[in-house]
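Remember, it's 1-based here, ligands and their atoms both numbered in the order they're listed. Keep in mind that this is a model prediction, so the values were computed, not measured. Heavy-atom basis, side chains included; hydrogens, waters and symmetry copies ignored.
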Amino acid sequence: MARGFRKTYRGLSLFLLCVLIIGMLGACGGDGQGSVSESEATAMPEVDGGASGGEGATGQEGVPDGENASASPEGGDVGDDGKTVVGATETVVGTTEPKPSEVPGVTHTNLKDAYANHFSVGVAINAWQLEDKKTMKVVKKHFNSVTMENAMKPTSLLDMEASGKAKDGEPKIRTQSLAYVLDLVQSHGLKLRGHTLVWHNQTPEWFFREGYVWEGDLVSKEVMLQRMESYIKQVMEYCQDNYPGLVYAWDVVNEGMADDGGYREEDSLWYQTVGSEEYIEKAFEYARKYAADGVKLFYNDYNEYATIKREYICELLRGLKDKGLVDGMGMQMHIDMSYPSISDVEDAIRAYSEIGLEIQLTEIDMHNPSDKDEDFLKQAVRYQLLFQMLLREMDGGTNITNVTFWGLSDVDTWLSNHKGEQSYPLLFDAKNKPKLAVEYLLQVINGDE
Ligand code: GLA
């Protein structure tokens with residue numbers, strides 16, 4: 001409302017100014033309409049040539065099957081000509097407007113400061129990147145939160161040999177690996193989303209078996225819940241005791257739901273050993289028990305914007321919320337160039353928010369198989385529409401606290417492997433140079449001030 005009023009007011013002022021000049025000079029060039037469209041009133045950058053081709057994905061293990069499997073084009077927000085965009089806010093963009101830096105009053109040149117009054121801005125990285133100076137320069141310029149793409153998953157932290165030898169029967173974790181990552185994140189002055197404690201994927205099968213060996217039988221429900229509690233306790237307490245305040249949120253359970261709704265059963269050893277979805281509530285119970293004050297507990301999932309899955313997730317979350325076990329919904333947001341629509345995402349945000357939850361967009365990327373300028377423009381516009389919607393939702397009271405991109409550059413993406421074709425889904429190109437989308441995301445804030 002306030003934004004719309006400002007734009008109208010701006011247009012009106014310019015119109016009156018023009019009338020004044022006509023009055024004074026007796027002539028006025030132009031078409032005489034005297035109004036300024038949103039595209040003229042707000043700055044839009046030129047196409048910068050975009051990213052060059054990437055080399056492929058990260059070779060990450062354990063990518064979930066069927067992710068985005070239900071994605072299907074549904075009509076998007078981006079016009080066919082790549083210039084005219086009709087979205088929820090009726091933004092019209094072109095390629096000839098001035099860059100944000102040419103507009104008086106524009107101040108922000110990095111994402112984390114631009115959005116500081118709204119939410120933290122994060123990026124998923126791998127452990128080796130924490131030691132790469134060039135990468136970290138870009139990370140620290142634009143982001144204030146990181147998620148470890150793999151390094152804090154059970155497969156990275158569980159120690160098979162030590163677990164097998166332990167007299168107390170409890171699983172053992174690799175505290176040195178954890179310390180390595182946490183030291184580096186802390187030394188860079190970044191905050192960390194903990195990802196992830198309980199997941200059917202990237203959790204070694206031996207963890208669910210007698211004696212912590214691959215060939216063992218599956219353990220009983222009681223034993224598995226003891227192992228779960230022990231693992232959650234050890235990981236959370238190690239972080240909190242040694243790096244207080246560093247991890248501000250945990251994805252306690254990742255992807256507990258099946259794509260068609262209902263719980264994930266067949267491909268989840270959590271479900272099978274515990275015998276039901278009870279493992280989800282137990283995970284939150286243990287996480288709440290060991291979480292330090294202020295550390296937020298999230299349920300995280302993909303295709304979370306699809307109506308049926310969304311309703312199942314909401315049902316789960318309402319139960320957990322009633323028991324005081326969950327603080328937030330992590331919306332992974334692996335999207336493509338036209339699906340889902342921004343309004344589907346907005347509906348989902350509202351549905352989760354109405355439960356009384358904090359919202360974080362935890363793994364954003366936008367599958368884009370083309371590195372043509374026109375497609376980078378479409379991508380930039382779609383990212384912009386998404387962020388405009390987030391701000392609009394926040395104006396309406398939705399509590400969005402973090403937005404994290406799933407990788408820094410188009411060469412750091414899992415999607416090229418997953419989709420079986422090259423993907424250019426992220427904000428930075430192969431040389432870690434900002435793509436057009438970065439300018440467009442800055443413009444959301446800069447053009448609004
Ligand atoms: C899921 C997981 C992430 C990551 C992606 C694929 O979304 O939550 O940790 O594995 O899949 O990269």
Enquirer: Could you go step by step and tell me if F387 and Y115 meet the side chain to side chain contact (heavy atoms under 4.5 Å, CB included) rule?
Expert: CA-CA 10 Å; F387 273 57; Y115 287 93; 3.4 Å; yes
Enquirer: Which of the atoms in ligand 1, numbered in the order shown and given with their element, are less than 4.0 Å from a heavy-atom of Q202?
Expert: 10 (O)
Enquirer: Please tell me whether Y424 and D429 have a donor and an acceptor in their side chains that are separated by less than 3.5 angstrom.
Expert: no
Enquirer: Need the ligand 1 atom indices (1-based, order shown) with element for anything under 4.0 Å from a heavy-atom of N254.
Expert: 2 (C), 8 (O)
Enquirer: Kindly identify the option in H195, H418, E363, M152 whose heavy atom sits closest to atom 9 (O) of ligand 1.
Expert: H195
Enquirer: Below 4.5 Å, heavy atoms only, C-beta onward: do H195 and E363 meet side chain to side chain?
Expert: yes
Enquirer: Under 4.0 Å from a heavy atom of E255: which atoms of ligand 1 are those, numbered in the order shown and with their elements?
Expert: 1 (C), 2 (C), 7 (O), 8 (O)
Enquirer: Do D113 and H108 meet the criterion of a side-chain donor-acceptor pair at a distance under 3.5 Å?
Expert: no
Enquirer: Which bit of Y302 gets closer than 4.0 Å to ligand 1, counting heavy atoms only: side chain, backbone, both or neither?
Expert: neither
Enquirer: Is K153 close to ligand 1, meaning an N/O of one under 3.5 Å from an N/O of the other?
Expert: yes
Enquirer: Check ligand 1 against H334 and write out every atom of the ligand that is under 4.0 Å from a heavy-atom position of the residue.
Expert: 7 (O)
Enquirer: State whether a side-chain donor-acceptor pair under 3.5 Å links Y352 with E304.
Expert: no
Enquirer: Indicate whether any N or O donor in one side chain lies under 3.5 Å from an N or O acceptor in the other, for N150 and S156.
Expert: no
